[in-house]
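Only this structure's heavy atoms are used, side chains among them; waters, hydrogens and symmetry mates stay out.
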Amino acid sequence: MRVFCSIRPSADAAEHLESALESVRARTGRSLRWGDPDQWHLTLAFTPQLPDGAVEDTIEQVARVAASHRPMRLSLAGAGLFSGRALWVGVGGEVEPLAALMREDLLGEQDRERRRAHLTVARVSARAPRPRHHRYRGIPAEPDPTELMLAEVVRALSVYRGPEWLVEELEVVSSRLGAGRSGGPLHEVLATVPLGAK
């Protein structure tokens, strides 16, 4: 089972971001496949193969870790790309407590150093334009129109700053690829655990 531990943005934060993305969506046409705002989350940890029998122990582990961390104020801020294919919005506010939480062994995963708190808002669509390749050597390839569009989108969103909200809980969520809206993932909350509940 694919499982992740996450923070859900407040309704105000999600609405603010959705509003900010309207003009960006209009400029990208069908080049990007936009995520469902109801499924938006800040990924803290992910494991692609959690055995079904380990779910309860994993939830207990997340609850123990969450209890040792206090609630924090976060906001959505800035933007970037992963592998030139996934558009994300970053995190502002009390990022030091968030970074400390993310260094914890939440789901038994190994590679905790490479994590970046983010909210994925879109992925490159199969309908995105591709660069034309010339058959003759010596003729330079045209710039990739999707890369150019993504660079423009990241530049536009780099100044984005959303409202702060108080994070008081973490979610443990299962993710089923292809089972959601428009063939995207379907997320099901397995448990919600409070921060600072010692």
Please evaluate residues Leu42 and Leu74 with respect to the criterion side chain to side chain contact (heavy atoms under 4.5 Å, CB included), reporting the C-alpha separation (whole Å), side-chain torsions for both, the decisive distance (0.1 Å), and the verdict. CA-CA 11 Å; Leu42 298 173; Leu74 297 178; 4.2 Å; yes

Who passes side-chain hydrogen bond (donor to acceptor under 3.5 Å, both in side chains) against [X], sequence neighbours left out?
X	answer
Glu152	Arg27
Arg2	none
Arg73	Glu164

Going through the checks in order, is the side chain to side chain contact (heavy atoms under 4.5 Å, CB included) test met by Leu87 and Trp34? CA-CA 9 Å; Leu87 174 65; Trp34 294 91; 4.1 Å; yes

What residues, two or more places apart in sequence or in another chain, satisfy salt bridge (Lys or Arg N to Asp or Glu O under 4.0 Å) together with Arg70? Glu94

Quick check: does any side chain N or O of His69 sit under 3.5 Å from a backbone N or O of Ala67, one acting as donor and the other as acceptor? no

Check the pair Thr120 / His118 against side chain to side chain contact (heavy atoms under 4.5 Å, CB included), numbers first and verdict last. CA-CA 6 Å; Thr120 301; His118 68 281; 3.3 Å; yes

Listed once per pair and sorted, the ring pair (Phe, Tyr, Trp, His ring centres under 6.0 Å) pairs that draw on residues 147-168, sequence neighbours left out: His16-Tyr160

Close side-chain approach of Val24 to Glu22, heavy-atom, < 4.5 Å: no

Can you sort out the partners of [X] under side chain to side chain contact (heavy atoms under 4.5 Å, CB included), two or more places apart, ordered by chain and number?
X	result
Pro71	Leu166, Glu168, Leu195
Ala63	Val193
Arg64	Glu60, Gln61

Point-to-point distance, once rounded to the nearest 0.5 Å, from CG of Leu44 to CD of Glu104: 11.5 Å

Pick out which of Leu107, Thr58, Val172, Leu190 makes a side-chain contact (heavy atoms from CB on, under 4.5 Å) with Leu50. Thr58

Would Ile7 and Leu170 count as a side chain to side chain contact (heavy atoms under 4.5 Å, CB included) if you check the C-alpha gap in whole Å, the side-chain angles of each, and the deciding distance to 0.1 Å? CA-CA 5 Å; Ile7 294 171; Leu170 305 180; 3.7 Å; yes

Can you pull out every salt bridge (charged side-chain N to carboxylate O under 4.0 Å, His left out) where at least one residue sits in residues 3-19? Sequence neighbours excluded, please. Arg8-Glu171

